[in-house]
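The basis for the numbers below is simple: all heavy atoms, side chains too, and nothing from hydrogens, waters or symmetry mates.
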Amino acid sequence: VSPGKSVRHIMEPAMVSFTTCSSMATLASNVKCTKRMGVPDAIATFGITLGNVINMDGTALYQVLAVLFVSQIYGVSLPLSSQIMAVVLATVVTISLVGVPGAGTASLGLILLSLGLPVEGVGLVLAVDRLCDMPRTMLNCIGDSMCTIIAAKSEGELDPESPILMGSKS
């Protein structure tokens, strides 16, 4: 599969997710583009929907970085065990944030509280939240598409005439 061709074909849902900051707003567009890339309807619908629910890697990364930022601002040293706990908590918490723009910042307070950091630290990241939310939602949207395409290809279900295959003319 050609990464360059894949990115070109996924631009529409990527831009929708970038501007809306919601993976759910992108669901129909993402399924449609993935099907155009040669993924069968059943795999595209299942893969993109499942990805919307569990693929919140951009938000989880953001929360962990925000925890580290807050700990440094307040001068609190986080041991490795607390850093690992931040990663686990961020991963688990983000699964419940599907389709709600800005919910990652709200749940950040729970993570800060559980690690013994001041919850007021959420206020430090609120100013840049929307700017951070746009690319991380786009990352999640692109990740949903790419994983669905890879799953279809690995199962031999990707259309051999797909425009994203190496050597295809589109």
Which pair of non-hydrogen atoms, one from V16 and one from A25, has the smallest distance, and what is that distance?
CG1-O, 4.0 Å
Spatial distance of atom CG (L61) from atom CG (L139) [nearest 0.5 Å]:
7.5 Å
Tell me every residue that passes side chain to side chain contact (heavy atoms under 4.5 Å, CB included) with T45, counting only those two or more places apart in sequence or in another chain.
V31, D41, T49
Shortest non-hydrogen contact from V67 toward A86:
CG1-CB, 4.2 Å
Indicate if M15 and M37 have the same hydrophobic cluster label, given that clusters are the connected sets of ILVMFWY residues with side-chain heavy-atom separations under 4.5 angstrom.
yes
Quick check for you: to the nearest 0.5 Å, what is the distance between I164 atom CD1 and I10 atom CD1?
9.0 Å
Name each donor-acceptor pair under 3.5 Å that joins a side chain in residues 146-156 to protein atoms two or more places apart or in another chain, with its distance.
{"unit_1": "T148", "atom_1": "OG1", "unit_2": "D144", "atom_2": "O", "d": "2.8"}
{"unit_1": "S154", "atom_1": "OG", "unit_2": "I150", "atom_2": "O", "d": "3.3"}
{"unit_1": "S154", "atom_1": "OG", "unit_2": "A151", "atom_2": "O", "d": "3.0"}

Identify all side-chain donor-acceptor contacts of residues 110-128 below 3.5 Å with residues at least two apart in sequence or on another chain.
{"unit_1": "S114", "atom_1": "OG", "unit_2": "L110", "atom_2": "O", "d": "3.3"}
{"unit_1": "S114", "atom_1": "OG", "unit_2": "I111", "atom_2": "O", "d": "2.9"}

When hydrophobic residues are tied together by side-chain contacts of less than 4.5 Å, even through go-betweens, does L65 share a cluster with V70?
no
Pair N30-T26, side-chain donor/acceptor within less than 3.5 Å:
no
Checking S29 now: which residues fulfil side-chain hydrogen bond (donor to acceptor under 3.5 Å, both in side chains) with it, not counting sequence neighbours?
E12
Taking salt bridge (charged side-chain N to carboxylate O under 4.0 Å, His left out) as the cut-off, I'd like each qualifying pair that reaches into residues 103-119, sequence neighbours left out, listed once.
none
Pairs involving residues 71-95, ordered by first then second residue, that meet salt bridge (charged side-chain N to carboxylate O under 4.0 Å, His left out) (sequence neighbours left out)
none
Show, in sequence, the C-alpha distance, side-chain angles and deciding distance for D159 and V39, and conclude whether the side chain to side chain contact (heavy atoms under 4.5 Å, CB included) test is met.
CA-CA 6 Å; D159 184 358; V39 176; over 6 Å; no
H9 vs P163 side-chain heavy atoms within contact, under 4.5 Å
yes
So for atom CE, which belongs to M85, do other residues, nucleotides or ligands contribute more than 12 heavy atoms lying within a distance under 6.0 Å?
no
Side chain to side chain donor-acceptor pair (under 3.5 Å): pairs with one or both residues in residues 60-69, sequence neighbours excluded
Y62-T105, Y62-D129, Q63-S107
Do you reckon I84 sits in the same ILVMFWY cluster as V76, going by side-chain contacts under 4.5 Å, direct or chained?
no
Between E157 and P40, is any pair of side-chain heavy atoms under 4.5 Å apart?
yes
With sequence neighbours excluded, what pairs up with L50 under the side chain to side chain contact (heavy atoms under 4.5 Å, CB included) test?
F46, I54
Just jot down the side-chain hydrogen bond (donor to acceptor under 3.5 Å, both in side chains) partners of S17, sequence neighbours excluded, or say none.
none
Salt bridge (charged side-chain N to carboxylate O under 4.0 Å, His left out) partners for R130, two or more places apart:
none
Nearest-0.5 Å distance, OG1 of residue T34 to CD1 of residue I48:
3.5 Å
Mind listing the closest non-hydrogen atom pair of S71 and L68 along with its distance?
OG-O, 2.8 Å
Pairs satisfying side chain to side chain donor-acceptor pair (under 3.5 Å), at least one member in residues 73-87, at least two apart
none
Are I142 and F18 linked, directly or through other ILVMFWY residues, by side chains that come within less than 4.5 angstrom of each other?
yes
Identify the heavy atoms of C141 and A14 that sit nearest to each other, and give their distance.
SG-N, 4.1 Å
